[in-house]
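Single-structure report; data block below.
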Protein chains: 2
Amino acid sequence: MNLKELSEKLGLSQTTVSRALNGYPEVSEETRRRVQEFARRMNYQPNSNARRLATGKSNTIGHVVPLSEHDMLNPHFTDFVAGASKVYNRRGYDMLISVVNAGTEKEVYRNLARNRRVDGVIVHGPRVKDDRVRILTDLKLPFVIHGRTNDPEDGYCWVDVNNRRAFAKATEYLIEAGHRRIALINGLEFMTFAANRREGMEKALREHGIEPDAEIMFSSDMIEPNGYGAMTDFLSHRDPPTAVLCSSILTAMGAMRAMHERGFSVGRDLSLIAYDDCLSFLPSTGDHPSMTVMRSSIRLAGELCADMLIDQIEKKPGRRNHLLEAEFVIGSSTGPVRAKATA
Amino acid sequence: MNLKELSEKLGLSQTTVSRALNGYPEVSEETRRRVQEFARRMNYQPNSNARRLATGKSNTIGHVVPLSEHDMLNPHFTDFVAGASKVYNRRGYDMLISVVNAGTEKEVYRNLARNRRVDGVIVHGPRVKDDRVRILTDLKLPFVIHGRTNDPEDGYCWVDVNNRRAFAKATEYLIEAGHRRIALINGLEFMTFAANRREGMEKALREHGIEPDAEIMFSSDMIEPNGYGAMTDFLSHRDPPTAVLCSSILTAMGAMRAMHERGFSVGRDLSLIAYDDCLSFLPSTGDHPSMTVMRSSIRLAGELCADMLIDQIEKKPGRRNHLLEAEFVIGSSTGPVRAKATA
DNA sequence: AAGGCCAGTCAAAGCGCTTTGGCTATCGTA
DNA sequence: TACGATAGCCAAAGCGCTTTGACTGGCCTT
């Protein structure tokens, strides 16, 4: 069933039927009702490809997500998507996901733009120095960055967490509990969020007269096995840490596994603070605060990004950026420093 | 830059240019070379909406994923997508993801089909009794199911794991190690895979004269907190299990957390076998076999589904279904039954 | 020399919508 | 009574591709 058939059966022109269905004011209320009711009965759905061609709008948002090594798709992405898609459903957009190998990203953006397959994109995993901003600006493709680059040049939309402050605060908390030997299990530091987290931590350390030690700082994909591996290494260091900061609950779980395996009790023998993205499939601090965390919902970030992007596409007014503050929640994974632990 | 401009500048008709670019044989090799080179120089990309309208093909695969309670997106989905998207990239398809609330699924399928937004869909989380098969068949929308329904009616494409056999085998392994009190932490049992797992387990139990006890069988979303909660409950049962089967590494991690918390040693005091989907962000048995698992890669399933669906869409010959066997890998989370553990 | 065939090209007709620019009653106003 | 405004409808022109059907000129056959 297409518009032509529908309008013929109704004894109306395509123009009128189209207008009736799309809520234009030039049709009488009675006609509109008749048309809409008939369309529903006939199960009429406009062909979206035709509509897209005619309007030049695709009503689709693109997500270009890079695969990291081992072809892994960042699990944090799941929750971000859950948030964003909620907004897409509400506002009538489709979500196009393009999983790409790290190198080919830019070409994919170019294609999406020239193709007119999407009305805008969300940029994931911004780097400290990232030319995607310039590319997208040149292409005149609306975009929102989940995170920021470190370039001073502003003018783009972003949603980010104050990572520096969160990690500085967590570090200070540990220092006040007497820790002076604090490890870091971070994300990949060519990405801004991870770089900022390290900066925040180092700043706090230095302000308390502690020189950061690269030997107890680790950076990689934020997945369980990496947390386990890093912590295992740290614990066999000649001068092991008494506390650790983890950039994700996933690495934190790995770290805790390593600690348990060595017979350490988390919160007593060793302290741990994790960054909690509120991943829905992992233990959170909701019910029983088992972990001390800095918390900010990545799903919320997804919602904010999506809304902001659509506002921009539809030229609606609205905020151009959001700097979220992570909530600091004290759980039982931290405690005062103890006599040096021995394996 | 569109086709018209391009062909004018080349002094050719749109027909010839279109054919040259799309590899039709009716153009001379020299013309083709000239056209392709010029198109590249001009950064020409055909407008995909126009192309879709003209061809009636969208070159897009739809994934309709239901949100479970708490608006959670199944984390197992991430890896499935990683696999599928690899195929989509290779074969020139886009991936459209539609996240829906559990109830509205069918309507979404109907819309996708009538809209002509996708050429086919992948059905996730099939239920024991699932009317999506009939709906999609009626709509004549090609589809592949990740899993199966339990309806005898065949004729659709699917990729599934032999869940029954995997769980029967794991159960037998535990029984042979002397366990007679075996718990189950399963997925949602209105879904076929979970129902089959339970069946496999119960069959093995009965074959060894053990009556399944519903009090140590749990069913829910396969996420860490649920594994933790279930295991905690089991351990405070008047007759606690000596072993447990988990439907996912995620619940297994939760279960292990509960065991650790009570001071139990996994593999000595209590045995655990998990179903390992090879989720890339979780510890697998690859490096050091810490967990005894039944293993089958969900990413591989994603690849198979995608290839099968595209074959179907393009009317290429190929297999219509795949029944994968899970690999049984013995790790250190299982051992002979011990004197009854006491909390 | 006439006819047939083929390679290479093109004009034009869709694909199914939206949107522009009329057109016709009808009504209020002077 | 006449005239402009307006509500309600329509025909037709795109949107940027693909594809059909037709047309050339050169070459081979008989």
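So you know, we letter chains A, B, ... as the sequences are listed, proteins then strands, and number each from 1.
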(request) Could you tell me the separation between the CG atom of Leu21(B) and the C1' atom of dG16(D), rounded to a whole number of Å? (result) 14 Å

(request) Please check if any side-chain donor atom of Ser7(A) sits under 3.5 Å from a side-chain acceptor atom of Ser13(A), or the reverse. (result) no

(message) Distance check needed: dC10(D) P versus Glu8(A) CD, whole Å only.
(response) 12 Å

(request) Output the single nucleotide from dG16(C), dC17(D), dG21(C) whose closest atom is nearest the side chain of Ala54(A). (result) dG16(C)

(message) Going by ring-ring contact (aromatic ring centres under 6.0 Å, His included), His146(A) matches just one of Phe193(A), Trp158(A), Tyr156(A), Phe80(A). Which one?
(response) Phe80(A)

(message) For a quick test of reading the model: is some side-chain N or O of Asn2(B) closer than 4.0 Å to OP1 or OP2 of dC15(D)?
(response) no

(message) Side chain of Ala50(A), heavy atoms from C-beta onward: which of dT20(D), dG16(C), dA11(D) has the nearest atom to it?
(response) dG16(C)

(request) Using only side-chain N and O atoms of Tyr24(A), determine if any of them is under 4.0 Å from OP1 or OP2 of dT20(C). (result) no

(request) Check whether any side-chain nitrogen or oxygen of Thr16(B) sits under 4.0 Å from OP1 or OP2 of dC10(C), and answer yes or no. (result) yes

(message) With a 4.0 Å limit, can you tell me whether Ser13(B) has a side-chain N or O closer than that to the phosphate oxygens OP1/OP2 of dA11(C)?
(response) no

(request) From the options dT19(D), dC17(D), dT9(C), select the nucleotide whose nearest atom is closest to the side chain of Thr15(B). (result) dT19(D)

(request) Would you indicate which nucleotide in dC17(C), dT19(C), dC10(C) comes nearest to any side-chain atom of Thr55(A)? (result) dT19(C)

(message) Is there a side-chain contact between Tyr44(A) and the phosphate of dG16(C), meaning an N or O under 4.0 Å from OP1 or OP2?
(response) no

(message) Measuring from the side chain of Arg51(B) (C-beta onward, heavy atoms only), which nucleotide among dC9(D), dC17(D), dT18(C) has the closest atom?
(response) dC17(D)

(request) Mind running side chain to side chain contact (heavy atoms under 4.5 Å, CB included) on Ile122(B) and His124(B) for me, showing each step along the way? (result) CA-CA 6 Å; Ile122(B) 289 192; His124(B) 296 275; 3.7 Å; yes

(request) Can you figure out which of dG16(C), dT18(C), dT18(D) approaches the side chain of Gln14(B) most closely? (result) dT18(D)

(request) Give the rounded distance in Å between these two atoms: CE of Met1(B) and P of dC17(D). (result) 11 Å

(message) Between Phe281(A) and Phe281(B), is the ring centroid distance below 6.0 Å?
(response) yes

(message) Heavy atoms from C-beta onward define the side chain here; which of dT18(C), dA11(D), dT20(C) lies closest to that of Arg19(A)?
(response) dT20(C)

(request) Could you state the atom-to-atom distance from CD of Gln45(B) to C1' of dG16(D) in whole Å? (result) 14 Å

(request) Measure from CG on Leu12(B) to P on dA11(C) and round the result to the nearest Å. (result) 10 Å

(request) Go through dT18(D), dT18(C), dT9(C) for me and flag the one nearest to the Leu3(B) side chain. (result) dT18(D)

(message) Both Glu29(B) and Lys4(A) contact DNA chain C. Which one's nearest nucleotide lies toward the 5' end?
(response) Glu29(B)

(message) Quick test of your reading of the model: are Arg32(A) and Glu29(A) salt-bridged, counting only N-O distances below 4.0 Å?
(response) yes

(request) Using a 4.0 Å heavy-atom cut-off across all strands, classify Thr31(A) as base, sugar-phosphate, or nothing. (result) sugar-phosphate

(request) Could you check how far CD of Glu26(B) sits from C1' of dG21(D), rounded to whole Å? (result) 12 Å

(request) Report the distance from atom CG of Leu10(B) to atom P of dC10(C), rounded to the nearest whole Å. (result) 10 Å

(message) So that I can tick it off, tell me whether Glu107(B) and Arg110(B) are bridged by a salt bridge, with the cut-off set at under 4.0 angstrom between side-chain N and carboxylate O.
(response) yes

(request) For the side chain of Ser28(B), starting at C-beta, report the closest nucleotide among dG8(C), dA11(C), dT18(C). (result) dG8(C)

(request) Let me know the distance between NZ of Lys57(B) and P of dC17(D), rounded to the nearest Å. (result) 18 Å

(request) Mind checking Asn22(A) for me? I need base, sugar-phosphate or nothing, with any heavy atom below 4.0 Å counting as a touch. (result) sugar-phosphate

